[in-house]
Amino acid sequence: MVVTARDAAEASATAADLGPGARGLALDVTDPGGPARAAAVAGRVDVLVCNAGVLLDAGADPLSVSLDLVERTLNVNLLGTWRVAQAFVPAMVRRGWGRVAVVSSGTTAEFGGRLFAGTPGYSISKSALNGLVSLLAAQTEGTGVLVNAVNPGRVRTRMMPGQERLPEDAAPFIADVATLPDGGPTGGFLTEQRDRA
């Protein structure tokens, strides 16, 4: 198991908490070459969980939000995941098996929801992220690789410290999606109840 974080020491500390067999690597998804370097060091990866995300524009609105904040948000939430997918998924396709779980959000519109205007850059970035999941799932269809967006709900993180749900409560659901059996769904937006919202 490989755990990544922008800070190598944080990644290593988390890996140590997970126990033997886990190791930490530094990975900044905004660095254009970072994911490829991490892939070269990580070795074989069959299950990929993309969880990098920022929320920089809470309380803003689409007519006045700083487009610099929107650009920074897209660079992490959308392009960061895209860079990671390009670095890791082709090898899964070549091997004929892989699972990709992309952590998304209920603030998006294309799966029946409604974009939340109070975080416009974040909402747009997650909506675009779901579009990326659809593209990747279509591209890998029939290869043994399943790609899904997963919405664990609001979880307490540095980004949302006031939430009640703990990461360890959401982790089993994300792990379940990341280890779907052959023939499982792909290109979906999966919630805790396995519904396509």
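Worth saying up front: this structure is predicted, and the values here are computed from it rather than measured.
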From [X] [atom1] over to [Y] [atom2], what is the distance, rounded to the nearest 0.5 angstrom?
| X | Y | atom1 | atom2 | value |
| --- | --- | --- | --- | --- |
| Thr73 | Asp68 | OG1 | CG | 9.0 Å |
| Asn77 | Leu132 | CG | CG | 12.0 Å |
| Leu69 | Leu74 | CG | CG | 11.0 Å |
| Leu190 | Leu180 | CG | CG | 7.0 Å |
| Asn130 | Leu78 | CG | CG | 10.5 Å |
| Ser104 | Leu129 | OG | CG | 5.0 Å |

Would a single hydrophobic cluster contain both [Y] and [X], if residues Ile, Leu, Val, Met, Phe, Trp and Tyr are joined by side-chain heavy-atom contacts under 4.5 Å?
| X | Y | answer |
| --- | --- | --- |
| Val84 | Val47 | no |
| Val45 | Val3 | no |
| Met1 | Val100 | no |
| Leu25 | Val89 | no |
| Val2 | Leu27 | no |

Any donor and acceptor pair, going by atom type alone, linking the side chain of [X] with main-chain N or O of [Y] inside 3.5 Å?
| X | Y | answer |
| --- | --- | --- |
| Arg44 | Ala91 | no |
| Ser125 | Tyr122 | yes |
| Thr186 | Val147 | yes |
| Thr191 | Asn151 | no |
| Arg83 | Val29 | yes |
| Thr14 | Glu10 | yes |
| Asn148 | Pro185 | yes |

Any donor-acceptor N or O pair under 3.5 Å, side chains Asn75, Thr30: no
Shortest non-hydrogen contact from [X] toward [Y]:
| X | Y | answer |
| --- | --- | --- |
| Asp7 | Ala9 | OD1-N, 3.0 Å |
| Ser127 | Leu115 | CB-CD2, 4.0 Å |
| Pro62 | Pro120 | N-CG, 3.9 Å |
| Ala42 | Phe88 | CB-CE2, 4.3 Å |
| Ala15 | Ala22 | O-CB, 3.5 Å |
| Val145 | Arg99 | CA-NH1, 4.4 Å |

Could you tell me whether the side chain of Val70 reaches within less than 4.5 Å of the side chain of Ile124, counting heavy atoms only? no
Do Val93 and Gln139 have side-chain heavy atoms sitting under 4.5 Å apart? no
Full working for side-chain contact (heavy atoms from CB on, under 4.5 Å) between Arg37 and Asp31: CA-CA 10 Å; Arg37 287 193 299 274; Asp31 176 356; 2.3 Å; yes
Could you go through Val177 and Ile174, starting from their C-alpha distance and side-chain angles, then the distance that decides it, and tell me whether this counts as side-chain contact (heavy atoms from CB on, under 4.5 Å)? CA-CA 5 Å; Val177 173; Ile174 296 172; 5.8 Å; no
How far apart are the C-alpha atoms of Arg72 and Val54, what are their side-chain angles, what is the distance that settles it, and do they pass the side-chain contact (heavy atoms from CB on, under 4.5 Å) test? CA-CA 9 Å; Arg72 287 165 53 196; Val54 293; over 6 Å; no
For side-chain contact (heavy atoms from CB on, under 4.5 Å), just list the numbers for Val41 and Arg23, CA-CA rounded to whole Å, side-chain angles, deciding distance to a tenth of an Å, and then say yes or no. CA-CA 11 Å; Val41 174; Arg23 61 192 172 113; 4.3 Å; yes
